[in-house]
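Right, one structure below, let's go through it.
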Amino acid sequence: MPVVDVDPDELRTLASTERSDEELKRDLFDLGLEFEGETEEGDMQLEFAPDRLDRLSVEGVARSLRYQDGTDRGVYVPKTNDAEWVIEVDETVPDERPYVTGAIVRGLDMSEAKLDSLIQLQEKLHATMGRQRAKGAIGVHDLTMLKGNAAREGAGKAISYRGIAPEEDTFVALDSTEELTPAGVLTDHPTGEKYADIVEGYDRYPAIYDDIGLFSFPPVINGRRTEVDDESRDLFIEMTGTDQWTIDKMCTIVCYALDARGGRVEEVRVEYPEGHPAEQRDLLRPDLTVDHKTVAHARIEQLLGVDLDEQQVVDYLERAGLDAEVVERDGAPAYRVEVPPYRVDVLNPVDVVDDVGRAHGFNELSPRYPDVSTVGGRHETSRLESAARDALVGLGFEDMLDFHMTSERDCLDRMGLDVPDERDPDAPVGQQPPVTIAEPYSEDYTVVRTWALPSLLTVLENNTHRAYPQDLAEIGLAAHVDEREETKAAERRTVAAVLARTDAGYEDAKARLQTLAGAFGKTLETPATTHPSFIEGRTAAVELDGERVGVVGEVHPRVLVEHDLELPVAAFEFDLAALE
Amino acid sequence: MQLPAAQVAVLEAASATDDRTVDAVADEVGETPTVVTRAAFELRDDGLLDVTERTEETVSLTEEGETYREAGLPEVRLYRAAMDAGAADEPVEMGELIGAAGLGGPEVQIALSNFARKGYGVIDSGAVSADPDADPDADTEANALESIAASDAGTVDDETLDALDRRSLVVREESTVRSVLLTDAGVDAMMEGVSVAETVAQVTPELLTSGEWEDVEFTEYNVEADAEAVTPARKHVLRQTADRVKDVLVGMGFQEMEGPHVDSEFWINDTLFMPQDHPARTHWDQFVLSNPAEMDADDMPSELVDRVARAHREGVGEDGDGYHSPWTEDVARGLDLRGHTTSLSMRYLSGHAEGELEPPQRWFSVEKVYRNDTLDATHLLEFFQIEGWVMAEDLSVRDLMGTFTEFYEQFGITGIEFKPHYNPYTEPSFELFGRHPVTDELIEIGNSGIFRPEVLEPLGVDCEVMAWGLALERLAMLVTGAEDIRDLHGTLADLEFLRNAEVIY
C-alpha cells in the first residue's frame, strides 16, 4: 500500500487547522490514512489504500481534511489560462510510447519544502499509476530555461516530442556534467541503468526538444538545463506514456497540488500527427473535465441499509468533494453527481455510494443478521477426508499437515524416483511430472508435491530427536501435470502414512491399511509390485475393490539413510477417492 | 496389623534403640536398598519408623594414589635412594639417584618439590643431601594412603587429607546415609503383632473366574507417582481449528465449496476485476507456473471471457468506466497456484461449479492458498484461507456487519470495527478489526466487502453478494496463542509442539 510522508506543520497550514499531532492522526485514520511512524525529519508517514491516488502529497491530504472538516464543500476546479505553448508530437515518436500530455504552472513561489513535496508526488505517482514509469512518466522543467519559437505564423511556442536513434544526439542529464547520448545514459548514468529495461527493444528512443535542442529523455531522465530548483517560479510539466487517460490523470493530480500552492495553471496544446485518431489529435491539457455518475436514491439506501432524506445525501456528497443535483430516473429520485477530475477511483455509481457511506460513517451503522435462511453443509469430499482422518487417528496415527509446495529433490530425487517429462499411468506412485513454479521463492519450494510420503519422511528426518514410535499420517493435496484436465493439472487428495519404530514391518502397515479399507467397506488386495522407494519383495500395490490406487511396503534403506533415519519405516499411500 | 512384606521385614530388622543404616537393613532382609528405602518412608508416613539422614564423606584413592601406595611416594623413594648412595654424608648428584629411585616422567618433579617440604634433606644446585634423622616409615601421607585403601579414612587427619587432595591422590565424595529407628508407635505395633498382608498385584482372568478376588487385598499403588509418557494419536491442531470454523459456518447456513488449487489467472484475477497490470499480478506476489503454463483456448469459457473483458475495458452499466489498462486473453489463460480461494467463489457464482444459483445462498471454504511472500513467524508461502459469501436480493453493509459480528463472536472476538478499505473487487470494502480475547489489542482479522457490479454482472448475477476472507492461521494463533506460525504448519513442524498442543474445540 502507498505511503506518503507529510510535514504536519505544512498540513496544518494547507488545511487551515490548528489541530495537535494526535488529533491529526485520529482524524486522518478516519479518512483511511494510517499513521505508520515518523521519518528522520519528523514527517508523518501515512499509509493508505491505493484508490485515492490524489492523496499522494501533503496538498492532497490537506484537501481531504478540508472536506472532512467542512472547510471546503463540493467540486473545485482550478481556473486555467489559455494555451501559449504547444507540444508537437512528431511522426518519429516511438510506437511503444506514443502518448504525451502537459501543463504549465506559473507564479509558484518555490521553496525547499514545496520542491520536496513535488518530487515526492512525482515519485509516488510513478510507483502507482505510472507502473514504475512504464505506463506513465513525469518530467517537470523550469519554463524560463525553455526556448520555443513559433513553428508557424499565429501558432504558440512549441516543443516537440519525437523519437531519435539511440546515438543520434547528446545532452547533459541531471546529476551529471557529461554530454551523453541516450544510449550512453542507459549504460553510464545510474538513473539510466535503473530504467534501461523500459526502453529495451525500442528502435527509437523517446526525446523532447525545444529550439535549443534535446532537453529530456523520457521516461528515463531529464536534462540538466531545465532542472527545477527552489528559485524556479514557472514550471513546464510533461508526461509521456502508453495510455493517454493515465498520463492525463497523473497530470491533473500534479496540477491540483500546485494549484493548492498558489500556482496558476495554464493550458498546453498537444498536437498529434496524422494517423492519430481524429478526436484525439488536438488536445487542450490539463484535462480538468468533471465526470458525471447518476445513482438512484433507492440504491444508496439499499446498499447502506438505512433511510436517508435527499438533502442529507446531497450534503454527504458535497462533504466528499462531489456535487449533486436531485433528478428523476425511472420515476424515482436519483442524483446526478459531479466527480472532480483528480478522482481516479470513481468508475461506477457504486463508488459514489461508498463516498456517501464514508461521509455518514460506516461505524454509525448498526449490524443486523441477514433475514434469509439457507441450509448449510460440508462438501462430500471434505466429509470423506474428515472421516478418513478420524479413522487414521483411531489407528494410532498422529495427523500431520505439511506444505503442498516442495522441491523435485525432496519429492522425487531423494525418494529414488526419476523426474519424468511425460505423464505415465503405469509409473510408480509419485513418479509423475510435477506442477512447477516459474520463479520460485526458494529452491526448497519449486514444485507442488506429486505424493505425500516424502513430506512425512521429511517430518521424520526433522524429528529424530523426538520420542518414538513416530506413527504419522497425512491426508492432503498431491498433483501432477495432466494435459487432459481443464487446468492441465490432475489434483487429488492422497492418504499417506508411516510407521517409524524399531520393529516396524510390512505387516504393520498392511494391518492398518486393511482395517482402514474395511471401515469404509472396501476389499483390500495387495499384489506384489516394485517401487524404487521400497524394498523389493516387501512392496505391494494397494488395490481397493479391484482398482489399483496406491502402494504399501517397507521403505528402502537407501531412502532411510538419505533421510538420516536409523530405524525401519513401513508406509502406505493411496488416493482418498478410492474410499468413496 | 497387616502390612506389605517389605514393610514387615524392615520393621522387624529395625531397632528401637540403635540407628541402623538402610544398607545394613537391606543386607539383613535380603532386599535392595531402594526397596528398603521406599518401605522405610512408607512406614515413616504411618508413624511407625523414624528415618534420619546424614551426609557422609567417602574417600578413595585415585589411580595415581594407588600407584604410590604400592611403589611408595616419589619423595620417599628419592630419600631411600639418597641414603643408599651415602647422601647423608656427601651431597650426591641428582642424576645418579633418579634411576635408583625408579622415578619416571613427572615423578621427578613431584619428588623434588616434596623432598625438602617434608624435611628429607636439601637440594642445592642439582645435588641432594639427605637428613639421616628423617624417618620415611613415619611419613603421614604414605601411611594415610594405606589407611584409605583399607577403607579406614576416618583415622586420617584433615590436614593430611587436604594435602593428598591437593596432590590429586584421593577423591572425596559426599553421600546421604539414611538410618532407621523404631518409634514408640512402631514398638507398640510390633508388640501387638505385625503380619504380612496377602496382596495381589494384578487382576487376572483366573482370579476373576475362580471367585478368589473376593478374599484378596490388592497391592496399593503410589497413585501420585509419574506415569509413563504416551504419544497421542490426534488430529492436527490446525485441522481442529479448521473443523471448528467449518462447524460454525455450517451452523450459520453456509455450504462448502471445493475446487482447483492450480487455476487460470482468469478465475483467480480477471473475474475479480483485477486489472492485468495490477502490481499484485506479478510473480513477486503470486506463484506463476512454468509447467503447466496456460489453459487451452478451447477450455476457456468464451462467453464469460468476453463479458469479463468488456467489464475491464468499458466498465459496467450506463455510467460505468473500465480500466485504462491492456487486457488480453493470453494473460487470462496463464496458470498459477491460486492466491486466494475467491477463485472458487467466482467459479460457483458463475454457475461453472454447481450450475446457476438462485438467491439466497451462503457458501464457504477453508482451504489452502499460495502467496509469494516472505516466510517468517507470521507469514507462510501457503496457508488456509477462510472464504465466505452470501448472496441475497437486498443485502446491505449492515447485513455484512451482522454476519461477521456473529461469526467472530463464536471465537470470543467482540467489538468488531469496520474500517473502510479499498479492494479492486468490492465496494464498499472493509478491513475488519477485533479485540484480542487475551491481550485486548485491536488486531486485523479479515477483509470484506460487497462485490462490485463489474464482478457480478459478467458472472450473470443480478443481486447482491457480500464476501470476506481471513487467514485460518491468524485465527488459530489468536485462539491457541502460538507465536510462530511455522510451529503450526509444514514439514518444519516439531512433533513435540504438536503432541503438547492444547485441544481446540
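Just so you know, these numbers come straight off a predicted model, no measurement behind them. Keep in mind that the numbers below use all heavy atoms, side chains included, and drop hydrogens, waters and symmetry copies. Chain A is the first sequence line, chain B the second, and so forth, proteins listed ahead of strands; every chain is numbered from 1.
Contacts of A:E474 with chain B are absent, with no heavy-atom separation under 4.5 Å from either backbone or side chain. At a 4.5 Å heavy-atom cutoff, the contact between A:Y369 and chain B is made by backbone and side-chain atoms alike. Proximity to chain B involves both the backbone and the side chain of A:A467, based on heavy atoms less than 4.5 angstrom apart. For chain B, the nearby parts of A:V435 are the backbone and the side chain; heavy atoms of each come within less than 4.5 Å. Using a 4.5 Å cut-off between heavy atoms, A:R131 contacts chain B through its side chain alone, with no backbone atom that close. Looking at B:L495, the atoms closer than 4.5 Å to chain A (heavy atoms on both sides) sit in the backbone and in the side chain alike. Of the two parts of B:D298, neither the backbone nor the side chain holds a non-hydrogen atom closer than 4.5 Å to a non-hydrogen atom of chain A. Both the backbone and the side chain of A:P50 have a heavy atom closer than 4.5 Å to some heavy atom of chain B. Both the backbone and the side chain of A:L303 come within less than 4.5 Å of a heavy atom in chain B. Of the atoms belonging to A:K135, it is side-chain heavy atoms, and not backbone ones, that fall under 4.5 Å from chain B. Residue contact with chain A, scored on non-hydrogen atoms closer than 4.5 Å, is absent for B:M300. Heavy-atom distances place the side chain of A:D291, and not its backbone, under 4.5 Å from chain B.
Chosen from B:K246, B:M295, B:E431, the residue pairing most often with chain A at heavy-atom distances under 4.5 Å is B:K246. Of the residues considered (A:A49, A:P370, A:S382, A:G305), A:P370 shows the highest number of contacts with chain B, using heavy-atom pairs under 4.5 Å. Of the residues considered (B:R452, B:M252, B:R499), B:R499 shows the highest number of contacts with chain A, using heavy-atom pairs under 4.5 Å.
Residues A:E486 and B:W267 share a closest heavy-atom pair of OE2-NE1, 4.1 Å. For the pair A:N348 and B:G320, the tightest heavy-atom approach, listed with the atom from each and the gap, is ND2-CA, 4.2 Å.
Salt bridge B:R234/A:D399: absent, no basic N to carboxylate O contact under 4.0 Å. Ion pairing between B:D321 and A:K293 holds under the 4.0 Å rule for side-chain N and carboxylate O. Electrostatic pairing of A:R299 and B:E464 counts as a salt bridge here, judged by a charged N lying under 4.0 Å from a carboxylate O. Salt bridge A:E385/B:K235: absent, no basic N to carboxylate O contact under 4.0 Å. A salt bridge links B:K419 to A:E34: at least one charged side-chain nitrogen sits closer than 4.0 Å to a carboxylate oxygen. One finds a salt bridge joining B:E318 and A:R329 here, because a Lys/Arg side-chain nitrogen approaches an Asp/Glu carboxylate oxygen to under 4.0 Å. Between A:R368 and B:E406, none of the side-chain N atoms (NZ, or NE/NH1/NH2) sits under 4.0 Å from a carboxylate O, so this pair counts as no salt bridge.
Between A:S366 and B:M401, every side-chain heavy-atom pair lies at or beyond the 4.5 Å cut-off. The shortest side-chain heavy-atom distance between A:L347 and B:F273 falls under the 4.5 Å cut-off.
One finds the CD atom of A:E398 at 8.0 Å from the CG atom of B:L498 (value rounded to the nearest 0.5 Å). A:R378 CZ to B:F254 CZ: the interatomic distance, rounded to the nearest 0.5 Å, is 15.0 Å.
In terms of modelled atom types and a separation under 3.5 Å, the side chain of B:R362 and the main chain of A:V375 share no donor-acceptor contact. For the pair A:Q302 (side chain) and B:L395 (backbone), a donor-acceptor distance under 3.5 Å is present.
Using bins of under 30°, 30° to 60° and over 60° for the plane-to-plane angle, the ring pair B:Y370/A:H404 lands in the tilted bin.
Checked against ring pair (Phe, Tyr, Trp, His ring centres under 6.0 Å), B:H421 has no partners two or more places apart in sequence or in another chain. Annotation: salt bridge (charged side-chain N to carboxylate O under 4.0 Å, His left out) contacts of B:D263 (sequence neighbours excluded): B:R347.
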